[in-house]
Amino acid sequence: MPADDGGYPESGTAVDLIPASRGETFLCWTEIVEDGRLVVTAPSDRAQHPVQISIGERVDVVWRSAAGLRSLPCELVAVDRGERPRWELRPGGVVQRGQRRDAVRAPLSVPVTLGPESAPVSGTTVDLSEGGLRCVLEAGAAPEWLPPAPERPTGTVVPVALRLPDLSIQCLGELTHRFPRQDARVELSVRLIGLSEHEQDDLRRRIFDRLRDLRRRGLI
């Protein structure tokens, strides 16, 4: 069924996979879409290692259709480890309206600044969606507005400034997760707050341009 009428994503659609056991979102592409069966490219983590979860685990599939964000709860039923590794998923519920925080994201490295004018910290995004970003801050002392590790930073809201090649965005961001690292740098997930509809559209367009470019180059 086409995504436009609220059905499953079409073959070739960029989707985010959200395994229940992982605190991360993984970008993939649908390859086979049939009633009761979705086959997607097997996800890899940031180090390009295959993501491994248990057969039977819940995996939420999130994508954007012409009608907006859509989310489908699924179950991992098989893993094909062939030349083109794939996951086979079985829907375990109905298609629902997705939330902006679940928006499809792209690996995108652009400058970002977090924090108030009195204590801003610069960094670089790891990935970006219209709903949020993941970033790594420059090396140095942790800013005073960041709760100490391993405390979860949820609820901390700071100004955010994003600088894309042809787009600058300033808004607020809620810190939602701090990731453990082997070095002294700080890696965070941030939910973007207060974006206008126009800014959301601008971000979305650039994100999907990036996905199409990576797909064309065979990098995802």
Side-chain angles (χ1 to χ4, degrees), residues 14-27 45-46 60 62-64 68-71 96-211:
V15 299
D16 276 343
L17 301 186
I18 310 175
S21 65
R22 304 285 293 258
E24 298 177 86
T25 299
F26 302 98
L27 174 66
D45 62 19
R46 289 178 52 206
D60 288 333
V62 179
W63 72 98
R64 173 165 291 281
L69 279 176
R70 293 292 180 260
S71 177
Q96 301 176 344
R97 184 181 300 277
Q99 303 298 315
R100 194 167 70 89
R101 64 177 179 269
D102 299 326
V104 173
R105 64 194 62 221
L108 199 59
S109 178
V110 299
V112 63
T113 301
L114 302 180
E117 290 185 7
S118 60
V121 180
S122 298
T124 305
T125 61
V126 175
D127 59 43
L128 180 63
S129 79
E130 66 191 78
L133 58 88
R134 181 167 173 169
C135 66
V136 177
L137 304 183
E138 293 179 354
E144 59 182 18
W145 43 261
L146 179 66
E151 182 178 341
R152 291 178 62 83
T154 302
T156 301
V157 176
V158 296
V160 177
L162 273 170
R163 298 185 299 279
L164 283 77
D166 57 350
L167 176 68
S168 295
I169 287 180
Q170 293 186 338
C171 62
L172 294 177
E174 179 190 6
L175 311 185
T176 60
H177 193 81
R178 180 171 179 172
F179 297 90
R181 291 182 62 91
Q182 299 301 314
D183 56 23
R185 302 179 72 185
V186 174
E187 185 168 347
L188 298 167
S189 281
V190 182
R191 180 175 68 90
L192 300 180
I193 302 172
L195 289 181
S196 68
E197 186 173 342
H198 178 70
E199 288 173 322
Q200 292 179 42
D201 289 342
D202 282 344
L203 263 181
R204 186 182 311 127
R205 183 162 49 251
R206 285 157 179 79
I207 288 162
F208 277 88
D209 284 347
R210 173 64 169 165
L211 291 175

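For the atom pair CD1 of I169 and CG of L203, the computed distance is 3.5 Å after rounding to the nearest 0.5 Å. Atom CG of residue L167 and atom CG of residue L162 lie 8.0 Å apart, to the nearest 0.5 angstrom. The distance from atom CD of Q200 to atom CG of L192, rounded to the nearest 0.5 Å, is 9.5 Å. Separating the CZ atom in R64 from the CG atom in D16 is a distance of 11.5 Å, to the nearest 0.5 Å. In this structure, the separation between CG on L128 and CG on L133 is 6.0 Å, given to the nearest 0.5 Å.
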Original post:
Which is it for L188 and L114 under the side chain to side chain contact (heavy atoms under 4.5 Å, CB included) test, yes or no, and what are the steps along the way?
Top reply: CA-CA 10 Å; L188 298 167; L114 302 180; 4.0 Å; yes

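Listed by chain and residue number, H198, R205 satisfy the side chain to side chain donor-acceptor pair (under 3.5 Å) test with D202 (two or more places apart in sequence, or in another chain). Remark: R181 pairs with D183, E187 by the salt bridge (Lys or Arg N to Asp or Glu O under 4.0 Å) rule, at least two apart or across chains. Residues satisfying the salt bridge (Lys or Arg N to Asp or Glu O under 4.0 Å) criterion with R204, sequence neighbours excluded, are E130, D201. S196 meets the side chain to side chain donor-acceptor pair (under 3.5 Å) test with E199; sequence neighbours excluded. With sequence neighbours left out, S109 forms a side-chain contact (heavy atoms from CB on, under 4.5 Å) with T124.
Nearest approach of G173 to V190, heavy atoms of both residues: CA-CG1, 3.6 Å. Closest heavy-atom contact between P159 and P116: CD-N, 3.9 Å. Residue S129 comes nearest to I207 through the heavy atom pair CA-CD1, 3.3 Å, listed as atom of the first residue, atom of the second, then distance.
Sorted by first and then second residue, the salt bridge (charged side-chain N to carboxylate O under 4.0 Å, His left out) pairs with a member in residues 115-128 read R105-D127; sequence neighbours excluded.
With R191 contributing its side chain and G132 its backbone, the two residues share no donor-acceptor pair below 3.5 Å. When atom types are taken as modelled, the side chain of T125 and the backbone of L108 share a donor-acceptor pair closer than 3.5 angstrom. A distance-only check finds a donor-acceptor pair linking the side chain of W145 to the backbone of A119 [under 3.5 Å]. With T176 contributing its side chain and S189 its backbone, the two residues share a donor-acceptor pair below 3.5 Å.
Counting heavy atoms from C-beta outward, V136 and V186 have side chains that stay 4.5 Å or more apart. In this structure, the side chains of D166 and R206 come closer than 4.5 Å at one or more pairs of heavy atoms.
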